[in-house]
Amino acid sequence: QVQLVESGGGLVQAGGSLRLSCTASGRTANDYAMGWFRQAPGKEREAVATINWRGNTVAYADSVKGRFTISRDNGKNTLYLQMNSLKPEDTALYYCAGARERYATMTRDDYPYWGQGTQVTVSS
């Protein structure tokens with residue numbers, strides 16, 4: 001079992017930055033791929049960025065490429081999402097997710113472990 005706790009959300013103006021963190025606990029938390037997903041009101045939960053177990057392979061949604069950076073520090077059991085040049089359309093509840101495989105996908109169903117989410121609101 002893996003427990004995930006997100007932090008770092010908040011209210012920011014368009015063009016600003018935020019850094020999300022996700023602390024993982026559980027015996028094998030560092031052995032698996034992880035990802036960030038988001039869900040805006042009335043929309044499906046979508047993949048934002050994912051990272052493999054070693055942290056050397058990443059993938060991004062087209063909408064955030066060049067603006068967001070995913071990383072992990074396995075020594076600290078922590079996943080990060082650096083978000084720059086934020087836009088109002090980035091407003092959503094952001095979730096940290098853990099996979100059961102070492103290699104990441106952008107498919108929500110491949111992630112059985114979820115945090116409670118942290119709200120990101122970008123004002124125009």
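Not a single donor-acceptor pair under 3.5 Å links the side chain of Thr107 to the backbone N or O of Asp109. In terms of modelled atom types and a separation under 3.5 Å, the side chain of Asn52 and the main chain of Asn56 share a donor-acceptor contact. Looking at Asp90, its side chain never comes within 3.5 Å of a backbone N or O of Ala14 through a donor-acceptor pair. Of the possible polar contacts, one joining the Thr91 side chain to the Val122 backbone as a donor-acceptor pair under 3.5 Å is found.
Grouping the Ile, Leu, Val, Met, Phe, Trp and Tyr side chains by contacts below 4.5 angstrom, directly or via other members, places Leu79 with Leu4. Val12 is connected to Val48 through a chain of hydrophobic side-chain contacts under 4.5 Å among Ile, Leu, Val, Met, Phe, Trp and Tyr, so both are in one cluster. Residue Val64 is grouped with residue Trp36 when hydrophobic side chains (ILVMFWY) are merged at heavy-atom distances under 4.5 angstrom, including chains of intermediate members.
Thr118 places a side-chain heavy atom less than 4.5 Å from the side chain of Leu20. Side-chain contact between Glu6 and Ser21: absent, with no pair of heavy atoms (C-beta onward) separated by less than 4.5 Å. Val120 places a side-chain heavy atom less than 4.5 Å from the side chain of Leu18. Here the side chains of Thr69 and Leu81 are not in contact, with every heavy-atom distance at 4.5 Å or above. For the pair Ile70 and Tyr60, the minimum side-chain heavy-atom distance is below 4.5 Å. No side-chain heavy atom of Thr50 sits less than 4.5 Å from a side-chain heavy atom of Val58. The closest side-chain heavy-atom distance from Tyr94 to Met83 is below 4.5 Å. Between Tyr95 and Gln39, some side-chain heavy-atom pair lies under the 4.5 Å cut-off.
A salt bridge does not link Arg100 to Asp110: none of the charged side-chain nitrogens sits closer than 4.0 Å to a carboxylate oxygen. The pair Lys65-Asp62 counts as a salt bridge, with a side-chain nitrogen and a carboxylate oxygen less than 4.0 angstrom apart.
Within the model, atoms CE of Met34 and OG1 of Thr78 stand 9.0 Å from one another, a figure rounded to the nearest 0.5 Å. Here Ser85 contributes atom OG and Phe68 contributes atom CZ; the two are 9.0 Å apart, rounded to the nearest 0.5 Å. Put simply, CZ on Arg38 and OG on Ser63 are 4.5 Å apart, with the number rounded to the nearest 0.5 Å. In this structure, SG on Cys96 lies 12.0 Å from CD on Gln3, to the nearest 0.5 angstrom.
Cation-pi contact between Arg45 and Trp114: present, with separation from the ring centre below 6.0 Å and deviation from the ring axis of at most 45°.
Between the side chains of Asn84 and Ser17, a donor-acceptor pair is found at a separation under 3.5 Å.
Across Gln116 and Leu93, no two heavy atoms sit closer than the pair O-CD2, 4.4 Å. In plain terms, the two heavy atoms of Ala92 and Ala40 that are nearest each other are CB-N, 3.9 Å. The shortest non-hydrogen separation linking Leu86 to Arg67 is CA-NH1, 3.9 Å. Taking each heavy atom of Ala47 and Ala61 in turn, the nearest pair found is O-CB, 3.5 Å. Between Gly98 and Pro112, the shortest heavy-atom contact is O-CD, 3.2 Å.
Note: Phe37 and Tyr111 have perpendicular aromatic rings, judged against thresholds of 30 and 60 degrees for the angle between ring planes.
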Practice task
Could you check Gln13 against Ser123 for side-chain hydrogen bond (donor to acceptor under 3.5 Å, both in side chains), going step by step and ending with a plain yes or no?
Solution key: CA-CA 5 Å; Gln13 288 189 331; Ser123 63; 5.0 Å; no

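Remark: Glu101 CD is loosely packed, at most 12 non-hydrogen atoms of other residues, nucleotides or ligands lying under 6.0 Å away. Heavy-atom contacts from other residues, nucleotides or ligands closer than 6.0 Å to CZ of Arg102 number more than 12.
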